[in-house]
Trainee: 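The following block contains the structure, expressed as structure tokens.
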Amino acid sequence: FCQEDETVVFWNLEDYPIPSSANLDLIYPNIESALHKMGFHGHLSIMAFGDKLYHDIDALSMANIAYDPEVSPGDDSCVWRMTGEIVSFLAVSFPMNYMVIAKQHPELYRVLDCLKSRNQIVLLLEPPGDTAQQDTLFPCVDSVVDCTKVFGGGKPIHALRDNRVYCYLCG
């Protein structure tokens with residue numbers, strides 16, 4: 001991939017909470033740099049959903065992570081709210097990429113499959129292991145790249161033989 005479309009991250013905090021010890025200041029730049037390394041050079045937005053919130057909302061905002069507090073208590077409420085937001089982004093008039101940080105859920109994956117069938121780029125970012133037990137989340141750019149795959153399979157990067165990533169925009 002090599003493009004300049006905006007990428008929006010939809011993050012299910014119920015599935016993958018941001019640990020209380022995580023350095024919030026590293027999350028946005030590490031995801032942004034990883035996307036750049038994978039050939040995505042457009043603007044980045046991160047939206048978080050769920051009530052497993054271990055950080056102050058203002059601290060999330062300062063770290064460029066928008067928090068959606070409109071999740072009702074109850075089973076799958078976070079997934080439904082996040083899925084609804086993903087669908088609402090289909091109405092935007094500019095092309096964009098979708099990155100999802102969430103575990104498998106039938107309705108969410110049905111919507112992601114529909115996006116893929118409409119030739120939208122959908123990336124899945126799955127943190128390794130139990131994020132609640134980790135001191136850091138996505139501690140470096142390579143950790144983000146390693147945890148990212150294209151929805152439906154495959155890695156979103158074109159690696160050269162010496163493992164450098166080549167991008168036609170930045171050479």
Side-chain angles (χ1 to χ4, degrees), residues 1 3-73 76-89 92 94-103 105 108 112 115 120-151 155-157 165 167 169-170:
F1 297 98
Q3 58 164 281
E4 295 187 26
D5 296 341
E6 178 176 359
T7 300
V8 179
V9 176
F10 297 89
W11 191 329
N12 184 335
L13 296 176
E14 300 296 306
D15 292 342
Y16 297 109
I18 301 171
S20 59
S21 59
N23 184 346
L24 292 177
D25 294 333
L26 293 179
I27 293 172
Y28 184 95
N30 284 348
I31 292 175
E32 182 179 49
S33 294
L35 286 166
H36 183 74
K37 189 173 184 178
M38 293 182 278
F40 298 93
H41 303 290
H43 178 74
L44 171 65
S45 299
I46 301 176
M47 298 178 66
F49 303 84
D51 64 359
K52 286 191 179 176
L53 191 60
Y54 301 121
H55 297 274
D56 182 79
I57 295 173
D58 292 333
L60 289 174
S61 180
M62 293 293 292
N64 293 313
I65 301 171
Y67 175 67
D68 186 339
E70 295 184 30
V71 175
S72 305
D76 297 333
S77 174
C78 177
V79 172
W80 288 106
R81 177 71 180 139
M82 190 172 79
T83 302
E85 279 296 312
I86 291 170
V87 170
S88 74
F89 271 78
V92 299
F94 55 88
M96 60 178 284
N97 307 306
Y98 298 81
M99 178 179 263
V100 176
I101 305 173
K103 293 181 180 175
H105 184 276
L108 173 62
L112 297 180
L115 289 173
Q120 297 287 328
I121 296 174
V122 180
L123 303 170
L124 299 177
L125 178 54
E126 186 175 321
D130 182 10
T131 57
Q133 301 300 317
Q134 295 177 356
D135 288 336
T136 58
L137 184 65
F138 309 126
C140 66
V141 173
D142 287 335
S143 69
V144 177
V145 172
D146 290 344
C147 295
T148 303
K149 64 181 181 178
V150 177
F151 180 75
K155 295 298 284 180
I157 60 175
V165 175
C167 175
L169 286 179
C170 49

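In this text the structure is predicted, and so the values were computed from the model without any measurement.
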Trainee: Going by heavy atoms in the side chains, are Asn97 and Leu123 under 4.5 Å from each other?
Mentor: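 No. Closest side-chain heavy atoms not under 4.5 Å.
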Trainee: Are the side chains of Met96 and Ile121 in touch, meaning some heavy atoms are under 4.5 Å apart?
Mentor: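 No, every pair of side-chain atoms sits at 4.5 Å or beyond.
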Trainee: Considering all heavy atoms of both residues, which atom of Leu24 and which atom of His55 are nearest to each other, and what is their separation?
Mentor: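 Taking every non-hydrogen atom into account, CD1-ND1, 3.6 Å.
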Trainee: Contact between Val122 and Val150 at the side-chain level, heavy atoms closer than 4.5 Å - yes or no?
Mentor: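 The answer is no, as the side chains (C-beta and beyond) never meet within the 4.5 Å cut-off.
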Trainee: Check for a donor-acceptor pair, side chain of Trp11 on one end and backbone N or O of Pro17 on the other, with a separation under 3.5 Å.
Mentor: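 No; zero donor-acceptor contacts below 3.5 Å.
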Trainee: Just to verify, what does Glu126 make a side-chain hydrogen bond (donor to acceptor under 3.5 Å, both in side chains) with, not counting sequence neighbours?
Mentor: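 Expected list: none.
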Trainee: What distance do Glu6 atom CD and His43 atom NE2 have between them, rounded to the nearest 0.5 Å?
Mentor: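 Spacing of CD (Glu6) from NE2 (His43) equals 5.0 Å.
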Trainee: Please list, one pair per line, the donor and acceptor atoms closer than 3.5 Å that link side chains of residues 25-33 to other protein atoms, with sequence neighbours excluded.
Mentor:
from	atom 1	to	atom 2	distance (Å)
Tyr28	OH	Leu44	O	2.9
Asn30	ND2	Leu26	O	3.3
Asn30	ND2	Phe138	O	2.8
Asn30	ND2	Pro139	O	3.4
Ser33	OG	Pro29	O	3.0

Trainee: Using the ring of each side chain (for Trp, its six-membered ring), is Phe10 parallel, tilted or perpendicular to Phe49, with breaks at 30° and 60°?
Mentor: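 Rings of Phe10 and Phe49: parallel, under 30°.
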Trainee: Can you tell me how far apart OG1 (Thr148) and CE (Met38) are? Round to the nearest 0.5 Å.
Mentor: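 So the OG1 of Thr148 and the CE of Met38 are separated by 4.0 Å.
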Trainee: Going by the rule side-chain contact (heavy atoms from CB on, under 4.5 Å), which residues pair with Leu53 if we only count those two or more places apart in sequence or in a different chain?
Mentor: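 side-chain contact (heavy atoms from CB on, under 4.5 Å) list for Leu53, sorted by chain: Leu13, Ile57, Leu60, Tyr67.
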Trainee: Taking the side chain as everything from C-beta on, heavy atoms only, tell me whether Tyr54 gets closer than 4.5 Å to Ile18.
Mentor: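 No, too far: nothing below the 4.5 Å cut-off.
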Trainee: Below 4.5 Å, heavy atoms only, C-beta onward: do Ile46 and Val8 meet side chain to side chain?
Mentor: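 Contact flag for Ile46/Val8 side chains = no.
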Trainee: Check step by step if side chain to side chain contact (heavy atoms under 4.5 Å, CB included) holds for Leu35 and His41.
Mentor: CA-CA 7 Å; Leu35 286 166; His41 303 290; over 6 Å; no
Trainee: Using a strict cut-off of less than 4.0 Å between a Lys/Arg side-chain nitrogen and an Asp/Glu carboxylate oxygen, indicate whether Asp142 and Lys37 qualify as a salt bridge.
Mentor: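 Salt bridge present between Asp142 and Lys37.
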Trainee: If you measure from NE2 on His105 to CG on Asn12, what distance do you get to the nearest 0.5 Å?
Mentor: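 It comes to 9.5 Å.
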Trainee: With no hydrogens and no angle check, is any side-chain donor or acceptor of Ser88 less than 3.5 Å from a backbone partner on Glu85?
Mentor: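 Side chain of Ser88 to backbone of Glu85: a pair is present.
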Trainee: In Å, rounded to the nearest 0.5 Å, how long is the span from CD1 of Ile86 to CZ of Arg81?
Mentor: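 It is 11.5 Å, given to the nearest 0.5 Å.
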Trainee: Are any of the side-chain heavy atoms of Glu4 and Phe40 separated by less than 4.5 Å?
Mentor: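 No; the side chains remain at least 4.5 Å from each other.
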Trainee: Atom CG of Leu125 and atom SG of Cys147: how far apart are they, to the nearest 0.5 Å?
Mentor: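 Result: 6.0 Å between the selected atoms.
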Trainee: Say you draw a straight line from CE of Met99 to CE of Met47; how long is it, rounded to the nearest 0.5 Å?
Mentor: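 Nearest 0.5 Å value for the CE-CE distance: 15.5 Å.
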Trainee: What heavy-atom pair brings Ala102 and Tyr16 nearest, and what distance separates the two atoms?
Mentor: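 Scanning both residues, the minimum pair turns out to be C-CE1, 3.7 Å.
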